[in-house]
Amino acid sequence: QVQLVESGGGLVQPGGSLRLSCAAPGSLFRLYAMGWYRQAPGKQRDLVASIARDGTTNYADSVQGRFTISRDNAKATVYLQMNSLKPEDTAVYYCKLGAYIWGQGTQVTVSS
């Protein structure tokens, strides 16, 4: 069973920063695009950012200019650097490998 290991969530004040990490099996990581999604209570899970094998990135309008997705192929890890965090960024954040493999989720709470 393929597992993605997420880390880096937590509680941060508005305007603060967090960096999420997601480690994947190296044999698969280099073959697929990676993405970060988030789901707030009572809402659907939405794409936050994605990064293709060639490094091409895509962002949701709501995080453009504040979040940065990156990947380290040597470490088989994808990152999400989140700056200027807002209360509306509060959600469980999930990473995804390819089309079907999800991480377990990590909670991000932005509150004073």
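Quick caveat, the model's predicted, so the values are computed rather than measured. For the single chain, residues carry numbers from 1 onward in sequence order.
- Gln104 contributes atom CD, which lies 8.5 Å from atom OG of Ser7 (distance to the nearest 0.5 angstrom).
- In terms of modelled atom types and a separation under 3.5 Å, the side chain of Glu6 and the main chain of Thr106 share a donor-acceptor contact.
- In this view, Glu88 satisfies the side-chain hydrogen bond (donor to acceptor under 3.5 Å, both in side chains) rule with no residue, not counting sequence neighbours.
- Alongside Trp102, the hydrophobic cluster contains Tyr37, Leu47, Val92, Tyr94 (criterion: ILVMFWY side chains under 4.5 Å).
- Contacts of Asp72 classified as side-chain hydrogen bond (donor to acceptor under 3.5 Å, both in side chains), with partners at least two apart in sequence or in another chain: none.
- Interatomic distance, Met82 CE to Arg38 CZ, rounded to the nearest 0.5 Å: 9.0 Å.
- Applying the side-chain contact (heavy atoms from CB on, under 4.5 Å) test to Thr57 and every residue at least two apart in sequence or in another chain returns Ile51, Tyr59, Ile69.
- For the pair Phe67 and Val48, the tightest heavy-atom approach, listed with the atom from each and the gap, is CD2-CG1, 3.7 Å.
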Give every donor-acceptor pair under 3.5 Å between a side-chain atom in residues 10-31 and any protein atom, sequence neighbours left out.
residue	atom	partner	partner atom	Å
Ser17	OG	Asn83	OD1	2.9
Arg30	NH1	Gly26	O	3.4

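- Listed by first and then second residue, the salt bridge (charged side-chain N to carboxylate O under 4.0 Å, His left out) pairs that reach into residues 99-112 come to none, sequence neighbours excluded.
- Linking Ile, Leu, Val, Met, Phe, Trp and Tyr residues whenever their side-chain heavy atoms come within less than 4.5 Å leaves Trp36 and Tyr79 in two separate clusters.
- Contacts of Arg66 classified as salt bridge (charged side-chain N to carboxylate O under 4.0 Å, His left out), with partners at least two apart in sequence or in another chain: Asp89.
- Listed by first and then second residue, the disulfide bond (SG atoms under 2.5 Å apart) pairs that reach into residues 32-72 come to none, sequence neighbours excluded.
- Although no hydrogens or angles enter the test, the distance criterion places no donor-acceptor pair under 3.5 Å between the side chain of Ser62 and the main chain of Ala60.
- By the side-chain contact (heavy atoms from CB on, under 4.5 Å) test, Asp54 pairs with Ala52, Thr56, sequence neighbours left out.
- Every residue two or more places apart in sequence or in another chain that forms a side-chain hydrogen bond (donor to acceptor under 3.5 Å, both in side chains) with Thr109 is listed here: Gln107.
- Remark: Gln39 pairs with Arg45 by the side-chain hydrogen bond (donor to acceptor under 3.5 Å, both in side chains) rule, at least two apart or across chains.
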